[in-house]
Number of protein chains: 2
Amino acid sequence: MGAALALVGKGRHFASLGIREVTRQAGVVPTSFYRHFRNMDDLGLQLVDELGLVLRRMMREARANVLQSDKLIEESVGIFVAHAQANRSFFLFMAQGLAGESRAVQEGIRSEMRFFASELANDLRRLRLMDHLSDADLDLTCDLVVRTVAFSLTDLLSVSPDDDYQIGQIRKRTTRFLQMIFVGAGHWQSDGA
Amino acid sequence: MGAALALVGKGRHFASLGIREVTRQAGVVPTSFYRHFRNMDDLGLQLVDELGLVLRRMMREARANVLQSDKLIEESVGIFVAHAQANRSFFLFMAQGLAGESRAVQEGIRSEMRFFASELANDLRRLRLMDHLSDADLDLTCDLVVRTVAFSLTDLLSVSPDDDYQIGQIRKRTTRFLQMIFVGAGHWQSDGA
DNA sequence: ATTTGATGTGTACACTTGTTCACTAATGTG
DNA sequence: CACATTAGTGAACAAGTGTACACATCAAAT
């Protein structure tokens with residue numbers, strides 16, 4: 001799994017990886033692959049599971065660092081960007097998998113995103129923010145937020161990891177996106193959509 | 001190019017296609033490939049160009065059908081969904097390319113999206129909607145709109161083309177996303193972001 | 001200390017892959 | 001018509017591919 005991730009990190013697309021290629025990168029003979037996975041799709045699914053862990057770690061850190069802050073959004077985006085950098089290959093894999101060729105991986109990632117959105121909704125409910133929104137509308141908002149952040153991933157991962165200027169731009173832009181969405185959510189239904 | 005698109009339409013990922021595979025699907029001998037393209041990346045770039053045409057056709061139709069409508073957003077989303085269905089393979093290619101393995105294709109698609117967003121901004125300016133927004137903020141809004149629609153593509157393309165119920169759900173959801181964004185844009189800056 | 005289960009190895013086979021080269025068929029322009 | 005360009009062909013090659021099978025290694029449990 002580490003080998004596959006490393007290749008993705010080097011710019012390859014997961015869908016174009018072969019068993020031999022992965023085992024070569026892992027420094028192991030091709031047949032060893034079958035001790036752990038039935039095929040590449042299987043490997044992909046297990047990567048999705050690990051991706052889940054990465055996302056949960058990120059959520060935990062976001063919750064801890066954000067509670068006593070008045071700049072909720074800016075702070076959260078910062079944490080997201082930091083994690084995306086620290087686990088570049090994982091997030092690369094995630095971005096690829098969303099339109100990947102394995103239906104199962106695709107569904108897995110989508111499901112992680114749904115989970116993330118629902119956790120976000122819970123947090124907002126707990127913090128009594130967006131209290132005027134119905135449950136369904138809050139879910140809608142959180143879904144939109146998560147999508148927007150996920151799309152920013154594409155921007156983020158396409159610039160060099162040490163191009164701090166561009167990364168800063170992306171962070172600012174993403175922050176404004178989210179602010180606009182929350183302004184929309186704040187006036188939702190009150191001025192009749 | 002048609003052959004490559006056909007394979008993508010059948011569920012394959014563009015990054016995993018080989019020259020022989022494409023020529024086989026095209027009913028032509030492998031060597032013929034080189035008469036038209038230097039390699040698969042080249043083919044991808046030419047597909048991006050054609051994708052540009054598809055998008056422009058879609059924009060033209062949207063402009064024509066939407067001017068005399070009071071449900072701008074709903075109508076536009078409808079046209080988008082219709083085009084995505086009618087050119088499924090093209091949009092599949094677009095969704096894949098955003099996180100694809102060819103940097104050039106990636107940049108090409110991103111550039112098409114920027115163009116699309118700027119055209120949308122022009123239209124809104126011309127229609128005197130969102131007149132209170134600065135040029136920069138209008139661009140921001142349109143970028144967010146285009147991203148949101150592009151992400152919906154992922155949802156749309158992952159359900160069967162004739163599952164009308166799910167497609168309807170996606171259309172409604174996308175419409176609400178855009179409505180929320182425009183509510184946000186409507187109150188932008190006026191209540192201090 | 002011996003058995004066991006998991007992991008890794010080496011060899012082998014039948015295909016598929018990208019690319020080359022010299023050749024032929026078709027096409028449209030003077 | 002003749003000619004030049006473009007598109008398609010067939011054989012060939014070295015290299016890479018997925019997968020199968022019998023065998024080796026080694027840590028942990030008995």
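If you're wondering where the values come from, they're calculated on a predicted model, not measured in any experiment. By convention in this document, chain letters (A, B, ...) are assigned in the order of the sequence lines, proteins followed by strands, and residues within each chain are numbered from 1.
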- [ ] Send over the distance from Asp41(A) CG to dT19(D) P, rounded to a whole Å.
- [x] 11 Å
TODO: Confirm from the modelled atom types if Thr31(A) and dG8(C) form a donor-acceptor pair under 3.5 Å, side chain to base only.
DONE: no
TODO: Answer whether the closest heavy-atom distance between the side chains of Leu144(A) and Arg176(B) falls below 4.5 Å.
DONE: no
Open item on the list: Regarding Arg24(B), tell me which of base, sugar-phosphate or nothing describes its non-hydrogen contacts under 4.0 Å with the strands shown.
Closed with: sugar-phosphate
TODO: Kindly point out which of dA12(C), dT17(C), dC21(C) is positioned nearest to the side chain of Arg20(A)?
DONE: dA12(C)
Open item on the list: Within the 4.0 Å heavy-atom criterion, would you say Val29(B) contacts the bases, only the backbone, or no part of the nucleic acid?
Closed with: base
Task: Earlier contact from the 5' end, DNA chain D, for Arg35(A) and Leu17(A) - done: Leu17(A)
- [ ] Give one of base, sugar-phosphate or nothing for Phe33(A), where a contact means two heavy atoms less than 4.0 Å apart.
- [x] nothing
- [ ] Using the closest heavy atom to pick a nucleotide of DNA chain D for each, name whichever of Pro30(A) or Val28(B) lands nearer the 5' end.
- [x] Val28(B)
- [ ] Starting from P on dG18(C), measure out to CZ on Phe37(B) and report it in whole angstrom.
- [x] 14 Å
- [ ] Report the C-alpha separation of Asp155(A) and Arg147(B) in whole Å, then their side-chain angles, then the decisive distance to 0.1 Å, and conclude whether the side chain to side chain contact (heavy atoms under 4.5 Å, CB included) test is met.
- [x] CA-CA 11 Å; Asp155(A) 304 317; Arg147(B) 281 157 184 264; 2.8 Å; yes
Task: Leu157(B) backbone acceptor or donor facing Arg88(B) side chain under 3.5 Å - done: yes
Task: Spacing of Arg12(B) atom CZ relative to dT16(C) atom C1', expressed in whole Å - done: 13 Å
Task: Presence of Tyr34(A) side-chain N/O under 4.0 Å of dT19(D) phosphate oxygens OP1/OP2 - done: yes
Open item on the list: Any salt bridge linking Arg173(B) with Asp143(A)? Criterion: basic side-chain nitrogen under 4.0 Å from a carboxylate oxygen.
Closed with: yes
Open item on the list: What is the distance, to the nearest angstrom, from the CE atom on Met40(A) to the C1' atom on dT17(D)?
Closed with: 13 Å
- [ ] Look at His36(B) and dT6(D) and indicate whether a side-chain polar atom (N or O) is within less than 4.0 Å of OP1 or OP2.
- [x] no
